[in-house]
Amino acid sequence: KVGPGVSAADRQVTYTIHVGNDSSEKTWEDVVLADVLDPGMVTLITDSIYIDGVRLNANQWAYRSGILTIELGDIQHGKEVEVKFNLEFKRDAGNKRYENIVTATGTIDGQKVRATAKAPIVQILDDGITTDIHHGIFYGCADSQGSFSGEWQPNRNIFIYELATTAIVGAGILSSN
């Protein structure tokens with residue numbers, strides 16, 4: 001659920017990905033997990049990335065251009081690796097659908113191997129039409145913990161459209177119905 005007044009924790013979803021090797025007696029080598037995330041809809045919670053229950057440090061994964069990359073190493077026959085991480089949906093992601101697709105690549109006997117999986121589609125419920133931009137206008141900018149300061153950031157441009165939409169919604173002229 002997203003919208004004004006919805007806490008950051010209530011806007012989060014946890015993804016659990018199992019990457020396994022069911023090849024016949026062979027090791028899947030140099031396995032790399034790549035998950036394409038939509039930075040327009042979600043924020044990766046960077047301290048929530050785990051492999052087999054162990055939290056990863058920032059130097060053990062990469063997140064560039066909306067792609068989360070984690071090197072999993074070698075996976076023996078019959079074994080699997082569990083990857084977990086949290087995403088937080090942005091306040092303006094309401095009434096949209098989010099589909100997460102993840103790919104693992106590596107080699108078996110020198111041949112490239114690729115596996116792709118899709119998570120169930122998440123339907124994001126909207127608790128209003130206020131976006132992150134509008135929320136920032138009302139409550140100021142958030143700090144690294146997600147708490148709103150009541151102050152705007154220096155050099156934060158606010159566009160006339162944002163102010164006008166906020167004023168219209170605030171006056172009750174436009175509603176989410």
Side-chain angles (χ1 to χ4, degrees), residues 1-3 6-127 131-133 135-136 141-149 153:
K1 192 176 203 182
V2 298
V6 178
S7 71
D10 289 338
R11 292 192 321 265
Q12 289 186 15
V13 63
T14 300
Y15 280 99
T16 303
I17 302 162
H18 294 268
V19 181
N21 178 359
D22 60 0
S23 68
S24 58
E25 309 280 332
K26 310 269 181 179
T27 299
W28 191 8
E29 298 174 328
D30 303 319
V31 180
V32 176
L33 177 102
D35 197 341
V36 179
L37 306 174
D38 182 348
M41 288 181 65
V42 297
T43 300
L44 174 65
I45 307 301
T46 58
D47 63 354
S48 72
I49 304 170
Y50 289 80
I51 293 180
D52 292 333
V54 177
R55 187 171 151 244
L56 299 184
N57 297 319
N59 64 344
Q60 295 175 293
W61 54 270
Y63 183 59
R64 292 182 195 92
S65 302
I67 301 173
L68 172 62
T69 306
I70 305 170
E71 294 182 11
L72 302 179
D74 296 346
I75 302 176
Q76 301 299 319
H77 164 72
K79 302 292 182 186
E80 71 176 23
V81 174
E82 180 184 80
V83 177
K84 281 189 176 186
F85 59 89
N86 292 346
L87 298 178
E88 181 179 314
F89 288 98
K90 295 187 176 185
R91 282 187 178 79
D92 52 358
N95 297 322
K96 296 178 184 173
R97 295 162 48 107
Y98 188 77
E99 183 175 38
N100 190 22
I101 300 172
V102 63
T103 302
T105 57
T107 59
I108 295 179
D109 282 342
Q111 299 293 316
K112 289 187 178 185
V113 176
R114 175 186 175 110
T116 301
K118 293 181 183 181
I121 294 174
V122 175
Q123 179 69 42
I124 304 138
L125 303 176
D126 194 349
D127 196 27
T131 67
D132 276 345
I133 293 167
H135 198 271
C141 296
D143 61 17
S144 63
Q145 303 300 315
S147 301
F148 287 91
S149 64
Q153 292 176 338

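Keep in mind that the numbers below use all heavy atoms, side chains included, and drop hydrogens, waters and symmetry copies. Please read all numbers here as calculations on a predicted model, not as lab measurements.
Counting heavy atoms from C-beta outward, Thr27 and Ile108 have side chains that stay 4.5 Å or more apart. Between Asp35 and Tyr15, every side-chain heavy-atom pair lies at or beyond the 4.5 Å cut-off. Contact of the Thr105 side chain with the Lys112 side chain is not registered, since no non-hydrogen atoms from C-beta on lie closer than 4.5 Å. Between Tyr63 and Leu37, the closest side-chain pair of non-hydrogen atoms falls below 4.5 Å. With a 4.5 Å cut-off on side-chain heavy atoms, Val83 and Leu72 count as touching. Using a 4.5 Å cut-off on side-chain heavy atoms (C-beta onward), Glu88 and Gln12 make contact. Counting only heavy atoms from C-beta outward, the side chains of Trp61 and Thr46 approach each other to under 4.5 Å. Ile49 places a side-chain heavy atom less than 4.5 Å from the side chain of Leu68.
Shown here for Thr43 and Lys90, the closest heavy-atom pair between the two residues is OG1-CE, 3.5 Å. Minimum interatomic distance between Val36 and Tyr98 (heavy atoms only, all atoms of both residues): O-OH, 4.2 Å. Closest approach of Asn21 to Lys26, counting heavy atoms only: ND2-O, 2.9 Å. When every heavy atom of Ala104 is checked against every heavy atom of Val19, the shortest pair comes out as CB-CG1, 3.9 Å. For the residue pair Asn86 and Ser48, the shortest heavy atom distance occurs at N-OG, 2.8 Å.
With hydrogens and angles ignored, the 3.5 Å screen pairs a side-chain donor or acceptor of Arg55 with a backbone N or O of Asp47. Not a single donor-acceptor pair under 3.5 Å links the side chain of Asp30 to the backbone N or O of Thr107.
To the nearest 0.5 Å, atom OG1 of residue Thr69 and atom CZ of residue Arg64 are 7.5 Å apart. Distance CD/Glu80 to CG/Asp52: 8.0 Å, rounded to 0.5 Å. The distance from atom CG of Asp74 to atom CH2 of Trp28, rounded to the nearest 0.5 Å, is 11.5 Å. Distance check: Lys79 NZ to Asp22 CG gives 14.0 Å after rounding to the nearest 0.5 Å. From Leu87, atom CG reaches atom CG of Leu44 across 6.0 Å, with rounding to the nearest 0.5 Å. Here the CD1 atom belonging to Ile51 is positioned 9.5 Å from the CD atom belonging to Glu71, to the nearest 0.5 angstrom.
Counting non-hydrogen atoms of neighbouring residues, nucleotides and ligands closer than 6.0 angstrom, the CD atom of Gln111 reaches no more than 12 such neighbours.
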